[in-house]
Amino acid sequence: MNSLLIGELSPEQPSFEPTKNKELMDEFRELRATVERMGLMKANHVFFLLYLLHILLLDVAAWLTLWFFGTSLVPFLLCAVLLSTVQTQAGWLQHDFGHLSVFSTSTWNHLLHHFVIGHLKGAPASWWNHLHFQHHAKPNCFLKDPDISMHPSFFALGKILSVELGKQKKKYMPYNHQHKYFFLIGPPALLPLYFQWYIFYFVIQRKKWVDLAWMMTFYARIFLTYVPFLGLKGVLGLFFMVRFLESIWFVWVTQMNHIPMHIDYDRNMDWVSTQLRATCNVHRSAFNDWFSGHLNFQIEHHLFPTMPRHNYYKVAPLVQSLCAKHGIEYQSKPLLSAFADIIYSLKESGQLWLDAYLHQ
């Protein structure tokens with residue numbers, strides 16, 4: 001570590017930066033120790049086994065739909081819905097393995113991560129790790145969180161950044177209409193028009209051959225099992241319809257916890273405050289938990305990123321108490337309200353941009 005040594009503080013210098021809340025950090029460390037003593041960092045392997053089995057059963061059901069009912073419009077659409085459910089739920093499951101929250105050893109987590117994201121979804125584990133770890137380190141921090149990299153090319157995000165963009169007289173898009181065109185270039189387009197192609201560029205450019213091999217097993221399986229029913233053109237049509245449906249599901253769920261929250265440059269706040277300002281929750285229910293892969297507990301997930309998802313609801317009351325003590329808002333809302341807040345926040349930041357663009 002000698003190469004990183006800048007200097008040493010003199011005894012009279014404060015050892016904690018003034019932009020950071022030392023009391024909050026100290027109490028969070030105590031909370032973390034309490035959580036570990038309660039056993040909340042230990043996974044229930046039966047839960048994850050059953051979750052994987054339900055994905056595999058849906059995958060088989062999609063194939064059986066065409067085998068039993070034929071390839072007319074209704075079975076074709078039903079097959080597409082089932083496969084998009086498989087892809088989305090596998091996306092939530094790979095997220096668990098990627099966070100090393102299932103097994104006690106990283107080796108098994110990495111292996112299953114490759115299987116789920118590579119073989120079941122056709123995407124590279126290294127690509128997901130590269131983006132997602134940055135997101136967790138600095139959520140909603142412009143230039144550091146890749147999940148908000150669509151600012152300012154496509155959207156004006158957050159009140160502060162939108163006003164800044166307006167003052168600079170920058171107009172890459174008609175941002176005052178972004179709450180409308182979000183429905184066109186947001187949910188339906190992200191996976192089929194961007195991720196689907198970028199992942200191949202990523203693995204080839206970075207020479208991630210193991211990831212590419214896992215990905216190819218997915219495409220080989222899809223084509224070998226569905227070409228006999230649908231032919232090459234039919235399989236391609238099915239595949240992109242699945243990606244289209246999955247993209248809608250994925251974008252609404254992943255953006256509902258972050259886009260309406262505080263978005264700004266990195267202000268060098270303490271880690272806990274950074275996480276809490278950037279996240280909100282959606283009310284717990286059996287459907288919401290399944291539909292979002294337990295990412296409706298986004299606050300707890302960001303504070304305890306290696307915690308198994310089935311324990312989020314257990315730690316939530318402790319997190320709420322910590323927030324209440326320090327005067328930090330703990331937001332939890334209904335699912336549809338969370339979806340609507342994406343649009344409301346885009347409309348608000350778009351209007352702030354326009355006002356600054358025209359009058360400041």
Side-chain angles (χ1 to χ4, degrees), residues 35-36 39-63 82-137 191 195-196 199-200 202-203 206-222 224-225 242-243 246 249-250 253-254 289-298 300-302 304-314:
V35 164
E36 290 181 353
L40 297 183
M41 303 305 290
K42 296 179 180 178
N44 181 344
H45 292 156
V46 174
F47 170 88
F48 289 104
L49 175 62
L50 293 176
Y51 203 90
L52 175 60
L53 287 176
H54 113 278
I55 292 170
L56 297 177
L57 287 173
L58 287 170
D59 209 358
V60 172
W63 184 86
L82 289 171
L83 286 176
S84 64
T85 304
V86 168
Q87 289 299 297
T88 305
Q89 292 297 325
W92 307 149
L93 183 59
Q94 68 82 23
H95 179 264
D96 298 312
F97 291 116
H99 273 284
L100 312 181
S101 63
V102 181
F103 296 104
S104 58
T105 60
S106 60
T107 302
W108 279 104
N109 281 301
H110 288 315
L111 179 61
L112 269 294
H113 190 210
H114 276 295
F115 171 75
V116 176
I117 195 173
H119 180 67
L120 295 185
K121 286 190 60 61
S126 58
W127 162 76
W128 183 87
N129 291 336
H130 174 71
L131 295 177
H132 201 64
F133 293 169
Q134 294 179 73
H135 163 68
H136 270 270
L191 269 62
F195 279 178
Q196 182 58 47
I199 55 177
F200 282 98
F202 181 93
V203 294
R206 294 175 182 248
K207 299 180 181 179
K208 300 291 185 180
W209 308 127
V210 173
D211 276 326
L212 182 61
W214 277 105
M215 291 165 63
M216 296 314 294
T217 66
F218 165 79
Y219 294 102
R221 176 172 59 87
I222 291 295
L224 287 173
T225 52
V242 169
R243 283 288 185 251
E246 177 196 1
W249 190 337
F250 171 81
V253 169
T254 56
D289 293 353
W290 174 83
F291 186 78
S292 67
H294 288 85
L295 294 179
N296 49 326
F297 288 96
Q298 193 73 208
E300 288 70 28
H301 171 58
H302 268 258
F304 304 96
T306 59
M307 178 182 284
R309 63 157 102 168
H310 52 71
N311 288 333
Y312 291 157
Y313 78 95
K314 297 177 182 178

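Note that the structure is a prediction, hence the values are computed from the model and not measured.
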Query - CH2 (Trp108) with more than 12 external heavy atoms under 6.0 Å - result: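 No - once you tally the heavy atoms of other residues, nucleotides and ligands closer than 6.0 Å, there are 12 at most.
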Working to the nearest 0.5 angstrom, can you tell me the gap between [X] [atom1] and [Y] [atom2]?
X      : Y      : atom1 : atom2 : result
Ser126 : Leu212 : OG    : CG    : 10.0 Å
His113 : Gln94  : NE2   : CD    : 4.0 Å
Phe97  : Ile117 : CZ    : CD1   : 12.0 Å
Met215 : His114 : CE    : NE2   : 12.0 Å
Leu100 : Asn129 : CG    : CG    : 8.0 Å

Report task. Apply the test side chain to side chain donor-acceptor pair (under 3.5 Å) to residues Trp290 and His54: give CA-CA distance (whole Å), side-chain angles for both, the deciding distance (0.1 Å), then the verdict. Result -> CA-CA 11 Å; Trp290 174 83; His54 113 278; 3.1 Å; yes
Requested in this report: Using salt bridge (Lys or Arg N to Asp or Glu O under 4.0 Å) as the criterion, list what pairs up with Lys208, not counting sequence neighbours.
Outcome: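 None.
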Query raised in the report: Partners of Glu246 by salt bridge (Lys or Arg N to Asp or Glu O under 4.0 Å), sequence neighbours excluded?
Result: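 Here the qualifying residues are Lys121, Arg243.
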Requested in this report: Assert yes or no for the condition that the ring centre distance of Tyr219 to Phe200 is strictly below 6.0 Å.
Outcome: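 Here the rings of Phe200 and Tyr219 have centres that are less than 6.0 Å from each other.
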Query raised in the report: Looking at Tyr51 versus Trp92, is the centre-to-centre ring distance below 6.0 Å?
Result: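 Between Tyr51 and Trp92, the centre distance exceeds or equals 6.0 Å.
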Query raised in the report: Quick one: side chain to side chain donor-acceptor pair (under 3.5 Å) partners of Gln298, sequence neighbours excluded?
Result: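 Result, side chain to side chain donor-acceptor pair (under 3.5 Å) vs Gln298: Asn257, His258, His302.
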Requested in this report: Only counting residues at least two apart or in another chain, list the ones meeting side chain to side chain donor-acceptor pair (under 3.5 Å) with Glu300.
Outcome: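 For Glu300 the side chain to side chain donor-acceptor pair (under 3.5 Å) partners, ignoring immediate neighbours, are Asn281, Tyr330.
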Query raised in the report: Is a side-chain donor or acceptor of Asn311 paired with a backbone partner of Leu40 at a separation under 3.5 angstrom?
Result: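 Such a contact is found between Asn311 side chain and Leu40 backbone.
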**Report entry** Short side-chain to backbone donor-acceptor contact, Thr217 and Trp214, under 3.5 Å
**Finding:**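 Yes, the answer is positive, given that a donor and an acceptor are paired below the 3.5 Å cut-off.
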Of the non-hydrogen atoms in [X] and [Y], which two are nearest, and what is the gap between them?
X      : Y      : answer
Ser101 : Pro308 : O-CG, 3.4 Å
Tyr312 : Phe304 : CE2-O, 4.4 Å
Asp289 : Phe297 : OD1-CE1, 3.8 Å

So do the side chains of [X] and [Y] get within less than 4.5 Å of each other, counting heavy atoms only?
X      : Y      : value
Phe291 : Gln89  : no
Leu93  : Leu52  : yes
Phe250 : Gln87  : no
Phe48  : Asp96  : yes
Leu120 : Phe218 : no

For residues 56-63, which side-chain donor-acceptor pairs fall under 3.5 Å, sequence neighbours excluded?
from, atom 1, to, atom 2, distance (Å)
Asp59, OD2, Arg221, NH1, 3.1
Trp63, NE1, Thr225, O, 3.0

Query raised in the report: Should the pair His45 and Phe103 be assigned to parallel (<30°), tilted (30 to 60°) or perpendicular (>60°) ring geometry?
Result: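 Ring orientation of His45 relative to Phe103: tilted.
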Query raised in the report: What class does the angle between the rings of Phe47 and His310 fall in, given that below 30° is parallel, 30 to 60° is tilted and above 60° is perpendicular?
Result: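 Plane angle over 60°, so perpendicular.
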Query raised in the report: Can you name the residues that form a side chain to side chain contact (heavy atoms under 4.5 Å, CB included) with His132, not counting sequence neighbours?
Result: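 Side chain to side chain contact (heavy atoms under 4.5 Å, CB included) list for His132, sorted by chain: His95, His99, Trp128, His135, His136, His301.
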Requested in this report: Identify the residue among Val116, Leu50, Val86 that makes a side-chain contact (heavy atoms from CB on, under 4.5 Å) with Ile55.
Outcome: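 Only one of Val116, Leu50, Val86 forms a side-chain contact (heavy atoms from CB on, under 4.5 Å) with Ile55, namely Val86.
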